[in-house]
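One structure is given here, and the rest of the page talks about it.
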Amino acid sequence: MNPSPPGSEDRFARLIEIGQGVLSELDLDAVLERVAEAARDLAGARYAALGVLDPSKEALDRFIHVGVDDETRRMIGDLPRGRGVLGELIRHAEPLRLREVGDHRRSYGFPAGHPEMHSFLGVPIAVRGEAFGNLYITEKVGADEFTESDEEAMVVLAGWAAIAIENARLYAEAATRQEQLQRVLRHVETTLAITKAIGAETKLDQVLELIVKRARALVEAKSLLVFLAGDGELEVAASVGSDLNFDAMRQSLGGSVVGSVLQSMEPLVLHGDWSDPLQDHVGAEVALLVPLIFRGESLGVLAAFDRVIDGPSFDEDDVRLLRSIATSAATAVATAQSVQEGRLREQVEAAERERHRWAHELHDEALQQLAAIRLELSNALRPADDEHEPVYLAARHTVDRLEEEIDNLSRLINELRPVPLETLGLRRAVEALAAETERKDGLRVEALIELPEFLPSDTERTVYRVFQESLTNVVKHANAETISLTAQRNGAMLSLAIKDDGSGFDTSADPPGLGLRGMRERVEILGGSFEVVSSPGAGTTVAVTLPA
């Protein structure tokens, strides 16, 4: 049934009613459709539409229509863009009333399948003095054209529409800002919770576990890794959310996406094919990489993969959020590393003090007593007759054994407390160590020691202990014939190398012994690097760099 216009006596009341209804609506799409329906009903039109202008204000961006069924709509094809008579109303924002729309000089006619339309009335809608769009009605029911009264009613309705549109816009903006504010608050609260949780922990493993779990939950990622930098590469220090095992995974600082983020100190979002081995490990489509920066230094990288909710892509909020987490995480990691290093330094220093104490006691007690016994036996020995020959030979053998044990004990004391290091200096102490090994153990030791005359005491002790422990390992385990020792300064670094031609071992299969671990700890405390290169049948090389 076609709509019929209300009588003039109740049109005003109808306008008030429509205005109240339109103004009560806060959804913009609903406002536009309700205005079009109200226009059609109020003026008794068969069809009504509302065209929304694009940002240029020269064409229509949206076209809301009522009165045309779905089948007819499909036959019409593309909706109007604001040409012809509709374009006239865009160019001249004032009411336009036509008895026959096809007679207008700018009429383009109608596409195939379009219903017949003759009478036309259009009025502009302006919001805060700015053109928003136009309201159109066509095909006056029961008359050949729309009246002046219809035009006045449409102008009033357009005014209501402008107010309702502005209200809906303001409401949408307020809702968006409220949502953004709530999201920011959630992020702040979660970040604070992460900061508190991480800040209360000083054990590095537990700090990293907290970081990966909290960060992954916050950005809603499928999986998340923490890479930490060291020795020219990045190693996965913690992971969560994936069935893959990342314990042994390493990334080079050069040529990898993780390395590029570490060096640039800028976040990176990757989509599709990254052309990087990391993608093969995680099997992800999207990655968000954020550096861990503490006091201007990159400690590592947080890497999140495939957003689970509304993903897999990450948006700008996710980038900002993970950067915020990374700031707290970097501080926590640096603190935990510092505490760990401090504990390790204390352990090494305590061990060094204990070495000195044992060396002192062995020298003052055991060595002196053994020397006294040897002296007494030596003085008591006299050439014996045949009857006492066995006693004499046994005593002579005991003196020889005492001399051998005194020699071994002296060597042990020197290992515990290297007197040559204190009396001769580092270079000559290492050379003496090499000569002693060659004399006692029958190995050929080649030493090229070119070290600065003055080094910090911690560095001197570490260098000496590295050579000492390495020589001990070769003698005990390598079955070697030749050992080469080199030490030289390269710019700001000291380079040490101990190489043997022994049996070697599989470094990936054989866990490092206490000696190797002790050397590594000493070197890393001073900010150096420690590497063991070996394979079965190919000998072993221990390479160390230390700040000079």
Side-chain angles (χ1 to χ4, degrees), residues 179-180 182-199 201 204-229 234-251 256-262 264-294 298-333 336:
E179 183 180 343
Q180 291 173 343
Q182 289 175 345
R183 185 170 186 180
V184 169
L185 288 174
R186 286 197 303 271
H187 290 180
V188 170
E189 289 170 356
T190 309
T191 304
L192 285 174
I194 289 175
T195 303
K196 290 178 181 178
I198 294 173
E201 184 57 67
L204 183 58
D205 289 346
Q206 294 181 15
V207 165
L208 293 171
E209 184 180 357
L210 279 169
I211 289 170
V212 294
K213 288 182 177 178
R214 296 293 182 92
R216 179 201 173 211
L218 198 53
V219 297
E220 298 170 332
K222 178 182 177 182
S223 56
L224 191 139
L225 308 179
V226 176
F227 289 88
L228 292 184
L234 286 148
E235 183 174 3
V236 174
S239 63
V240 69
S242 177
D243 295 332
L244 297 178
N245 179 16
F246 297 101
D247 292 343
M249 182 179 170
R250 297 171 183 265
Q251 287 273 288
S256 69
V257 293
V258 184
S260 68
V261 170
L262 186 84
S264 69
M265 298 189 185
E266 291 294 333
L268 179 65
V269 179
L270 301 168
H271 300 267
D273 183 9
W274 319 333
S275 300
D276 187 272
L278 177 60
Q279 190 171 27
D280 296 332
H281 281 275
V282 298
E285 182 180 341
V286 180
L288 168 55
L289 309 177
V290 174
L292 293 168
I293 302 173
F294 179 72
S298 290
L299 305 180
V301 174
L302 283 183
F305 304 97
D306 286 352
R307 203 172 197 277
V308 177
I309 299 176
D310 299 329
S313 297
F314 297 96
D315 58 23
E316 286 300 318
D317 282 341
D318 295 319
V319 176
R320 285 192 293 269
L321 181 56
L322 201 58
R323 288 189 79 167
S324 177
I325 297 171
T327 300
S328 300
T331 302
V333 168

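A quick note: this is a predicted structure, and the numbers were derived from the prediction, not measured.
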Under the side chain to side chain contact (heavy atoms under 4.5 Å, CB included) test, which residues partner E209, sequence neighbours left out? K213

Side chain to side chain contact (heavy atoms under 4.5 Å, CB included) partners of D310, counting only residues at least two apart: R307

Report yes if some heavy atom in the side chain of [X] is under 4.5 Å from a heavy atom in the side chain of [Y]; otherwise report no.
X    : Y    : answer
V301 : V290 : no
V236 : V226 : no
E266 : R323 : yes
L224 : L302 : yes
R216 : S223 : no

Smallest separation among heavy atoms of [X] and [Y], with atom names:
X    : Y    : answer
V257 : D276 : N-OD2, 3.0 Å
G259 : S256 : N-OG, 2.9 Å
P312 : V286 : O-CB, 3.5 Å
I293 : S298 : CG1-OG, 4.2 Å
V319 : V269 : CG2-CG2, 3.9 Å
F314 : A304 : CE1-O, 3.8 Å

Whether D306 side chain and A284 backbone form a donor-acceptor pair below 3.5 Å: no

Does any N or O in the side chain of E285 come within less than 3.5 Å of the main-chain N or O of F305, such that one atom is a donor and the other an acceptor? no

In this structure, CG of D318 is separated from OG of S313 (nearest 0.5 Å) by 10.0 Å

Nearest 0.5 Å please: distance from the CG atom of D273 over to the CD atom of Q279. 5.5 Å

Given L292, L278, L262, the one that forms side-chain contact (heavy atoms from CB on, under 4.5 Å) with F227: L278

